[in-house]
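Every chain is numbered from 1, with letters handed out A, B, ... down the list of sequences.
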There are 2 protein chains.
Amino acid sequence: MDKALLEKFKDTLHTNGMKCTPARLSIFKEIYSSSEHFDADEIYFRMRQEKKSVSRATVYRTLDLLVENGFVSKVNVGASQVHFENTLAQEHHEHLVCTQCGKVIEFRNDMIEKQQDKICKKFGFFPTKHNLIIFGLCDKCQLRDN
Amino acid sequence: MDKALLEKFKDTLHTNGMKCTPARLSIFKEIYSSSEHFDADEIYFRMRQEKKSVSRATVYRTLDLLVENGFVSKVNVGASQVHFENTLAQEHHEHLVCTQCGKVIEFRNDMIEKQQDKICKKFGFFPTKHNLIIFGLCDKCQLRDN
DNA sequence: ACTGTAATTGAAACTCATTCTCATTTAGAA
DNA sequence: TTCTAAATGAGAATGAGTTTCAATTACAGT
Ligand SMILES: [Zn+2]
Ligand SMILES: [Zn+2]
Ligand SMILES: [Zn+2]
Ligand SMILES: [Zn+2]
């Protein structure tokens, strides 16, 4: 995990008058230790396995804080829990989600991005974020059963 | 509300071996009485006001059934409850959602649709549905406050 | 029209992700 | 080192949605 990133997080905490606690730092590191999507409980369990336990409440509170400050973003993959992914270690992208096996494919398309800007301009809308998610069947699941 | 649409619903019930009950019919009519977005509880309360009470469980069960059969689709507007909108009384579209006042603007963009097809082809992905939602500030909310 | 029966319903119990409460601990300013 | 507001953990609470189950009902077959 990138050292500059950790510094940026510490800065954010500092400039917002928030304390730089061990819990926050280790949650941050855990999240930035991979680029996979995750939910709150996954982080909670991964951390206890690594003997760096924090309470669920703190995981949720820290996730909020990270979303609020742009380090993490919410990803709707049609699950009952909110899913997240870190934002600064990877480029902005959208998702294809297989409703059969859960596989997630990421993609990026500049034309779609541009059209969105165009649309926002048309409506005098100031966009802050967006999600495009396409549900369907991945190549493998199309071959399996009906 | 369109009579042919109600017949189509009855047909669907029939061909799927489901019973055509008063509860289902009145929930269907309620949903197709407007093109607004709604959540399960809204339908529940609207119906008791109109003295056509059904239980919450039945509202949820009927909504599932309607989604399953393409009469209604889920709309993610960033709320804690699942939102819905009817699909057959209006064209497919995407959403702009103002995070300040909750205003929802609907739009349609063929180029975005085409690009999605292209992407799915590229990944051998068979799309069944998609959601594009852009969060931000509507024109009015940009003028208000900071 | 009448019957039998499986589907549907309502009420209430339940689930489970997330949020809240509050007593205790702690980061970090002075 | 001291002080204090912020953060934490444990567990209670919330709330959307689901499940259970006994009672009701649509409707296929007579
Ligand atoms: Zn992703
Ligand atoms: Zn995008
Ligand atoms: Zn809409
Ligand atoms: Zn579309």
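Nearest heavy atom pair, residue Asn76(A) against residue Gly78(A), reads OD1-N, 2.8 Å.
Atom CG of Asp39(B) is separated from atom P of dT18(D) by 13 Å (rounded to the nearest Å). The CG-P distance, from Leu25(A) to dA6(D), rounds to 19 Å in whole Å. Rounded to an integer number of Å, the gap from Phe38(B) CZ to dA16(D) P is 16 Å. Rounded to whole Å, the distance from CG on Asn16(B) to C1' on dA7(C) is 14 Å. One atom, NZ of Lys19(B), and another, P of dG4(C), lie 15 Å apart when rounded to the nearest Å. Note: NZ (Lys52(B)) to P (dG10(C)) measures 14 Å, nearest angstrom. Nucleotide dC20(C) holds its P atom 17 Å from the CZ atom of Arg56(A), rounded to whole Å. Rounded to whole angstrom, the span from the OH atom of Tyr44(B) across to the C1' atom of dA12(C) amounts to 12 Å.
Judged by distance alone, the side chain of Tyr32(A) and the main-chain N or O of Leu88(A) form a donor-acceptor pair under 3.5 Å.
Neither OP1 nor OP2 of dT18(D) sits under 4.0 Å from any side-chain N or O of Tyr60(B). OP1 or OP2 of dT8(C) has at least one side-chain nitrogen or oxygen of Arg24(B) nearer than 4.0 Å. Distances shorter than 4.0 Å separate some side-chain N or O of Thr21(B) from OP1 or OP2 on dT9(C). At the phosphate of dG10(C), OP1 or OP2 sits under 4.0 Å from a side-chain N or O atom of Thr58(B).
Figure legend: Lys129(A) and Phe135(B) shown as a cation-pi pair, the cationic atom lying under 6.0 angstrom from the six-membered ring centre and within 45 degrees of its axis.
For the pair Gly17(B) and Val59(B), both in contact range of DNA chain C, the more 5′-proximal nearest nucleotide belongs to Gly17(B). Between His14(B) and Gln81(B), the one whose closest nucleotide on DNA chain D sits nearer the 5' end is Gln81(B). Taking the nucleotide of DNA chain C with the nearest heavy atom to each of Asp41(A) and Ala57(B), the more 5' of the two is matched to Ala57(B). Along DNA chain D, the nucleotide nearest to Ser55(A) and the one nearest to Asp64(B) differ in position, and the one closer to the 5' end is contacted by Ser55(A).
Salt-bridge check for Arg108(B) with Glu91(B): passed, with a basic side-chain N closer than 4.0 Å to an acidic carboxylate O.
One cannot find a donor-acceptor pair under 3.5 Å joining the base of dG17(D) and the side-chain atoms of Arg61(B).
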Derivation and outcome, side-chain hydrogen bond (donor to acceptor under 3.5 Å, both in side chains), residues His95(A) and His130(B): CA-CA 10 Å; His95(A) 298 99; His130(B) 64 262; over 6 Å; no

